[in-house]
Protein chains: 2
Amino acid sequence: MVDCSQVLKEYNLKVTPQRIAIVEEICLKGHINIDDLFHSLKLKFPSISLATIYKNIHAMLDKLFLSEVQIPNAKSVYELTRELHSHLICKKCNKIEDIQLDTACLVSEVTSKSSFKPEELSVVFTGFCKECR
Amino acid sequence: MVDCSQVLKEYNLKVTPQRIAIVEEICLKGHINIDDLFHSLKLKFPSISLATIYKNIHAMLDKLFLSEVQIPNAKSVYELTRELHSHLICKKCNKIEDIQLDTACLVSEVTSKSSFKPEELSVVFTGFCKECR
DNA sequence: CTGACTGCAAACGTTTTGCACGGTA
DNA sequence: TACCGTGCAAAACGTTTGCAGTCAG
């Protein structure tokens, strides 16, 4: 398990109980949207404000500590920033899986076919997971 | 040039001047967001309502006649549905280019590495276009 | 002790809805 | 003519902001 307060310090974010809980929840769930995060944290901090969630998520995005994942037809989810990976989203149960794919070939294809200089890449599959297929 | 009213008919959408203009504008621009579409159409139909734009975009998405493209840190854009392709988004000038990439290898990698059954795929690169790099 | 964080309430921008009118088929 | 589409206004959302009080460093 990640030491959440340590991680916050490394990213120059003041350590507060709310922030620790946010990081813990994201670690636990892997990916979470604002609403689910808010409702989970309400259990531990009944008076927590949605504004606090938004402000902290943005602070963590700004520090590149979190990444946003855009989901077709649903709210964005947030995850800890880590090695480039792709997402598999189930259209039935909405579960999000991570998968490591070889995207180097895509990058070189872009470079050879166009004059575009790629920096970031998002690869999202929608379909059906093992349980729902 | 596409015959816009013919295309609307094929998708079982009643042909109205506003709808023709929406399709024409999307053909012309390739990709457009709601706001830009609204402002373009205002020139031709000064009394057009944003509600009309939203209702029609949704009608066309429902018929799978349009596709939505999610853009990191910006509003979604809409394009005519066509063959699977990827998007290159310039972080400086915000231009969106289409590119045909070989994504079959990604699909087979997903299939072999997981039990997920992929159906749709979104591949979006952000970086710098020829002019801005 | 100081500046940053929290929670509240209000403001904001975007999208959706209901309704009366008008236009398409 | 019957139904669907349009435009308007209001409502509903999701997100952001300002502020006063509180807490971390």
Side-chain angles (χ1 to χ4, degrees), chain A residues 3-26 32-63 65-78, chain B residues 3-26 32-63 65-78:
Chain A
D3 178 344
C4 297
S5 46
Q6 189 52 42
V7 176
L8 285 168
K9 278 180 202 151
E10 285 165 18
Y11 281 88
N12 295 308
L13 290 165
K14 245 178 205 180
V15 178
T16 67
Q18 290 87 341
R19 283 186 176 165
I20 293 174
I22 288 173
V23 178
E24 278 177 353
E25 188 66 18
I26 293 175
I32 196 164
N33 67 34
I34 297 281
D35 235 52
D36 292 346
L37 185 56
F38 178 57
H39 289 113
S40 294
L41 292 216
K42 262 232 162 252
L43 302 177
K44 194 178 275 183
F45 302 94
S47 69
I48 199 170
S49 156
L50 204 37
T52 299
I53 306 279
Y54 278 109
K55 286 169 186 168
N56 282 321
I57 291 290
H58 283 131
M60 296 177 192
L61 288 171
D62 290 347
K63 302 280 186 183
F65 169 39
L66 288 188
S67 306
E68 179 172 346
V69 183
Q70 289 186 314
I71 311 290
N73 308 314
K75 296 178 199 149
S76 288
V77 297
Y78 300 88
Chain B
D3 178 345
C4 298
S5 46
Q6 190 51 42
V7 176
L8 285 167
K9 278 181 202 151
E10 283 165 18
Y11 281 89
N12 293 310
L13 290 165
K14 243 179 206 178
V15 178
T16 67
Q18 291 87 339
R19 284 184 175 168
I20 293 174
I22 289 173
V23 178
E24 278 178 352
E25 187 65 18
I26 294 175
I32 196 164
N33 68 34
I34 297 281
D35 234 52
D36 292 346
L37 184 56
F38 178 57
H39 288 111
S40 294
L41 292 216
K42 263 235 165 254
L43 302 176
K44 194 179 274 182
F45 302 93
S47 69
I48 199 170
S49 157
L50 207 33
T52 299
I53 305 282
Y54 278 106
K55 286 169 186 168
N56 282 321
I57 291 291
H58 283 131
M60 296 178 192
L61 287 171
D62 289 346
K63 301 280 186 182
F65 168 40
L66 288 189
S67 305
E68 178 170 349
V69 183
Q70 290 186 314
I71 311 290
N73 309 313
K75 296 178 198 149
S76 288
V77 296
Y78 301 88

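Basis for what follows: all heavy atoms, side chains included, without hydrogens, waters or symmetry-related copies. Predicted model, so just to flag it, every value in this text is computed and none were measured. Reminder, nothing fancy here: chain letters follow the sequence lines and each chain counts from 1.
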Presence of B/Gln18 side-chain N/O under 4.0 Å of C/dG23 phosphate oxygens OP1/OP2: no
pair B/Lys14-B/Leu8: side-chain heavy atoms closer than 4.5 Å: no
Per B/Pro17 side chain, nearest of listed nucleotides D/dC19, C/dT17, C/dT24: C/dT24
OP1 or OP2 of C/dT6 under 4.0 Å from side-chain N/O of A/Asn56: yes
Residue whose closest nucleotide on DNA chain C lies nearer the 5' end, A/Thr52 versus B/Thr16: A/Thr52
Side-chain donor/acceptor of A/Lys9 to base of D/dG25, under 3.5 Å: no
Sub-4.5 Å side-chain heavy-atom contact between B/Ile57 and B/Leu37: yes
Whole-Å gap separating P (D/dT16) and CD1 (A/Ile57): 11 Å
A/Gln18 and A/Thr52: side chain donor to acceptor below 3.5 Å: no
Nearest-neighbour nucleotide for the B/Ser49 side chain, D/dT6, D/dG7, C/dG7 considered: D/dG7
Distance-only donor-acceptor test (3.5 Å): side chain B/Lys14, base C/dG22: no
d(CG, B/Leu61; C1', C/dT16) in whole Å: 15 Å
B/Lys75 side chain near B/Asp36 side chain, heavy-atom distance below 4.5 Å: no
Presence of donor-acceptor pair under 3.5 Å, side chain of B/Lys75 and base of C/dG13: no
A/Asn33 side chain reached by A/Val77 side chain, heavy atoms, under 4.5 Å: yes
B/Leu50 CG to C/dT14 C1', straight-line distance once rounded to whole Å: 8 Å
Quiz item: A/Lys42 side-chain donor-acceptor pair to C/dG7 base, under 3.5 Å: no
Length of the CD1-P vector between B/Ile53 and C/dT14, whole Å: 14 Å
First encountered from the 5' end of DNA chain D, between B/Pro46 and B/Leu13: B/Leu13
Atom pair distance, as rounded to whole Å: CZ in B/Phe38 and P in C/dT14: 11 Å
Atom-to-atom span, CG of B/Asn12 to P of C/dA25 - whole angstrom: 12 Å
Value in whole Å for how far the P atom of C/dT6 lies from CD1 of A/Ile22: 7 Å
Nucleotide C/dC19, atom C1' - distance to NZ of B/Lys55 in whole Å: 9 Å
